[in-house]
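Model, not experiment: these values are computed from the prediction.
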Amino acid sequence: MAGTTHTVTNQAPPLAQYDVFGADRALVEAVERHLAPDVLDEGRSELSGLGRTAGSAQVQEWGVLANENPPRLRTHDRYGHRIDEVDFHPSWHRLLGKGVSAGLTAAWGRPGGHVRRAAAFVVWTQVEAGNGCPLSMTHAAVPALRADPALAAEWEPRLTSTIYDRALRPPGQKPGALFGMGMTEKQGGSDVRANTTAARPLAEDGAYELTGHKWFCSAPMSDAFLVLAQAPGGLTCFLVPRVLEDGTRNVFLIQRLKDKLGNRSNASAEVEFAGTWARRVGEEGRGVRTIIGMVAATRLDCVLGSAGLMRQAVAQAVHHCAYREAFGGKLVDKPLMRNVLADLALESEAATTLALRLAAAYDDGGEQERALLRIAVPAAKYWVTKRCAPLAVEASECLGGNGYVEESGMPRLVRESPLNSVWEGAGNVQALDVLRALRREPAALDAYLREVGRARGADHRLDAAIKDLLTELADLEGVEGRARRLTERLALVLQGSLLVRYAPPEVADAFCAARLGGDGGAAFGTLPHTLDLASVVERARPVS
């Protein structure tokens with residue numbers, strides 16, 4: 001019969017028209033755990049609304065289009081005027097507008113604001129990760145700007161606005177604004193003290209003129225940027241607006257856009273300052289201390305973003321295997337595939353649980369919670385972001401050859417997966433930051449040990465891991481060569497403690513066995529076969 005060879009059978013339907021938030025049990029439970037009762041119902045309602053938006057076929061198509069049509073640099077207009085603008089596909093603006101309206105820049109000062117925003121960031125990353133960059137930097141600029149109360153009073157209402165205004169015009173005329181950041185330079189990278197961009201004071205109080213070049217400046221169409229430059233008093237933080245209050249364009253010369261492995265929808269640029277007007281933020285010579293609050297917040301967003309990517313990869317893999325049949329049954333019911341899916345699900349849930357716990361520490365704001373963040377954020381940033389890439393690759397393999405085809409969406413996840421490990425300080429930078437906290441801030445280690453100690457006695461493998469960690473922490477001589485190992489153990493023990501306290505027994509048991517007890521291999525899918533892996537996989541299935 002003609003056409004019978006084109007009858008489609010044994011293919012999973014698209015994972016669409018579902019609530020991305022409500023289908024993620026680990027995320028829902030974390031929100032319920034960390035939000036106060038008086039804001040819980042409102043928070044769940046907001047997140048379910050965003051989850052349904054994220055799960056819609058239309059919004060998923062926006063994510064595809066934004067990446068298939070990357071930004072394009074226009075240095076000059078048709079008449080030869082220098083304009084330094086970046087054109088984006090309309091889908092980019094739709095996604096960014098939805099992110100702003102959903103409160104992804106509006107956590108500060110809102111009850112439960114950081115937990116609500118963190119969960120929303122995990123959800124929205126699963127649609128399209130590139131627009132998370134300007135959303136993250138805008139959110140993270142607030143603590144840095146608070147070093148100057150006058151600047152904070154002027155800019156914070158714009159940054160926390162839920163109105164997206166893409167026009168380049170004076171910030172005072174806009175109902176909402178976005179921020180970017182420019183710290184690294186060619187000769188220094190993460191070693192920002194090697195920066196050579198110069199800042200010359202002007203007659204106007206707090207105003208400077210910048211001259212130099214930034215190697216990475218993300219989201220170059222933002223309304224303003226926090227940058228580091230060498231002032232007479234040393235490395236200093238500055239606010240650089242794109243448009244001055246009189247309506248003229250500031251000198252912000254975009255040299256080129258980076259051709260990146262992933263994150264294709266988002267523009268990352270090299271920019272030149274040549275007599276660029278800037279406003280000092282904080283004191284001269286204290287630039288790193290001023291901007292560190294922004295860096296810490298964006299590092300947590302790297303954790304959240306990776307958790308979102310991991311969740312989407314696992315959701316796609318489990319969804320596919322729940323429908324696909326091979327060798328006489330559903331793939332999800334095959335013992336070996338079930339082991340792989342369960343192992344992936346463990347990694348995803350551990351990342352989500354840790355990320356939301358850190359967001360809750362921001363909401364608490366107490367001294368002990370701030371101390372915990374000092375050591376837990378770089379440790380989590382190191383470990384979670386590094387686990388994202390192998391997880392994405394393994395999840396794509398669960399789809400077989402289909403997972404290597406662009407239409408599946410998995411290649412985009414794979415290309416995106418290494419990025420958060422590089423941004424805001426690569427792995428070695430995070431490990432060294434953990435060492436600094438251990439050496440200089442005893443309260444940070446004390447807060448960490450208090451946190452993991454809350455699960456002592458609940459699992460013998462966790463207890464043994466804590467004991468081993470204490471032994472390693474007792475000797476910090478020559479520790480730099482083993483800083484990665486130590487940072488990994490800090491992150492794993494913290495994840496284990498959280499899962500033992502909060503996750504279902506089958507999840508905590510499997511995690512402690514494989515990640516802390518040594519009963520797992522180097523690849524995913526090597527969990528002990530005697531565990532309740534079916535329940536772990538079913539918990540990860542994206543059914544809302």
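- Remark: the backbone N or O of Y404 is not paired with any side-chain donor or acceptor of S408 at under 3.5 angstrom.
- Counting only N and O atoms by type, the side chains of Y208 and R280 include a donor and acceptor under 3.5 Å apart.
- Using modelled atom types, no side-chain atom of S348 and backbone atom of L344 make a donor-acceptor pair closer than 3.5 Å.
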Going through the checks in order, is the salt bridge (charged side-chain N to carboxylate O under 4.0 Å, His left out) test met by R146 and E156?
-> CA-CA 9 Å; R146 286 178 175 175; E156 194 167 330; 2.6 Å; yes
Please test Y164 against H93 for side-chain contact (heavy atoms from CB on, under 4.5 Å), starting from the C-alpha separation and ending with a verdict.
-> CA-CA 9 Å; Y164 173 55; H93 294 292; 2.8 Å; yes
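- At distances below 3.5 Å, not a single donor-acceptor pair connects side-chain atoms of E369 with backbone N or O atoms of D364.
- Counting only heavy atoms from C-beta outward, the side chains of P378 and T487 never approach each other to under 4.5 Å.
- Counting heavy atoms from C-beta on, the side chains of C217 and F252 come closer than 4.5 Å.
- For the pair D433 and R374, the salt-bridge criterion is met [side-chain N within less than 4.0 Å of a carboxylate O].
- Judged purely by atom type and a 3.5 angstrom limit, D19 has no side-chain atom pairing as donor or acceptor with the backbone of A23.
- Between R242 and D223 there is no salt bridge, since no side-chain N of the basic residue sits under 4.0 Å from a carboxylate O of the acidic one.
- A donor atom on one side chain and an acceptor atom on the other are not found under 3.5 Å apart for Q255 and E270.
- Counting heavy atoms from C-beta on, the side chains of M183 and F216 never come closer than 4.5 Å.
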Between R82 and L253, is a side-chain contact (heavy atoms from CB on, under 4.5 Å) present by the stated rule, with each step listed?
-> CA-CA 9 Å; R82 183 98 195 207; L253 307 175; 3.9 Å; yes
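- Proximity of a side-chain donor or acceptor of S417 to a complementary backbone N or O of V414 within less than 3.5 Å is detected.
- Put simply, the side chain of W124 reaches to within 4.5 Å of the side chain of L135, judged on heavy atoms.
- Between the side chains of T197 and N195, not a single donor N or O lies within less than 3.5 Å of an accepting N or O.
- Side-chain atoms of R117 come within 3.5 Å of backbone atoms of L104 as a donor-acceptor pair (strictly under, hydrogens ignored).
- A side-chain N or O of W108 and one of H139 form a donor-acceptor pair less than 3.5 Å apart.
- Looking only at side-chain heavy atoms (C-beta outward), P418 and L261 come within less than 4.5 Å of each other.
- Using a 4.5 Å cut-off on side-chain heavy atoms (C-beta onward), L300 and H114 make no contact.
- Put simply, the side chain of E416 never gets that close to the backbone of L309: no donor and acceptor are under 3.5 Å apart.
- Nearest heavy-atom pair, K386 versus G427, reported as atom, atom and distance to 0.1 Å: CE-CA, 4.0 Å.
- With respect to the salt-bridge test (charged N to carboxylate O, under 4.0 angstrom), the residues D301 and K381 do not qualify.
- Between E424 and R299 there is no salt bridge, since none of the side-chain N atoms of the basic residue sits less than 4.0 Å from a carboxylate O of the acidic one.
- At a threshold of 4.0 Å, the pair E441-R436 does not count as salt-bridged, since none of the basic side-chain nitrogens sits closer than that to a carboxylate oxygen.
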Run the side-chain contact (heavy atoms from CB on, under 4.5 Å) check on W155 and V142 step by step: do they pass?
-> CA-CA 8 Å; W155 281 92; V142 170; over 6 Å; no
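- When the options Q60, Q312, R311 are evaluated for a side-chain hydrogen bond (donor to acceptor under 3.5 Å, both in side chains) with Q126, the one that passes is Q312.
- Taking every heavy atom of both residues into account, A207 and W277 meet most closely at CB-NE1, 3.6 Å.
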Between R289 and E283, is a salt bridge (charged side-chain N to carboxylate O under 4.0 Å, His left out) present by the stated rule, with each step listed?
-> CA-CA 10 Å; R289 181 176 291 275; E283 301 175 24; over 6 Å; no
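- Within the 3.5 Å criterion, the main-chain N or O of V393 finds a donor-acceptor partner in the side chain of S396.
- The aromatic ring centroids of F238 and F225 lie 6.0 Å or more from each other.
- The pair E272-K214 does not meet the salt-bridge criterion, since no charged nitrogen lies less than 4.0 angstrom from a carboxylate oxygen.
- Residues L498 and L354 are in side-chain contact: their nearest non-hydrogen atoms beyond the backbone lie under 4.5 Å apart.
- Residues E128 and N131 have side chains that bring a donor and an acceptor to within less than 3.5 angstrom of each other.
- Checked by atom type, the side-chain pair N266/W92 shows no donor-acceptor distance below 3.5 Å.
- When every heavy atom of H34 is checked against every heavy atom of L356, the shortest pair comes out as CD2-O, 3.8 Å.
- For the residue pair E32 and L40, the shortest heavy atom distance occurs at CA-CD1, 3.7 Å.
- Between I291 and L226 the shortest heavy-atom distance is CD1-CB, 4.2 Å.
- The minimum heavy-atom distance between A119 and V31, with the atom names listed, is CB-CG2, 3.6 Å.
- Between the side chains of S56 and Q17, not a single donor N or O lies within less than 3.5 Å of an accepting N or O.
- Looking only at atom types and distance, the side chain of T53 has no donor-acceptor partner in the side chain of K98 under 3.5 Å away.
- Distance alone, capped at 3.5 Å, is enough to place a donor-acceptor pair between the D84 side chain and the I254 backbone.
- The existence of a salt bridge linking R415 and E406 is confirmed by a sub-4.0 Å separation between a basic side-chain nitrogen and an acidic carboxylate oxygen.
- Taking the ring centre of W215 as origin, the terminal cationic atom of K258 falls inside the region bounded by 6.0 Å and 45° from the ring axis.
- Other residues, nucleotides and ligands contribute at most 12 non-hydrogen atoms within 6.0 Å of the CZ atom of R193.
- Proximity of a side-chain donor or acceptor of D363 to a complementary backbone N or O of V115 within less than 3.5 Å is detected.
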Check against side-chain contact (heavy atoms from CB on, under 4.5 Å), R249 and L168 | CA-CA 9 Å; R249 299 282 183 94; L168 274 178; 3.9 Å; yes
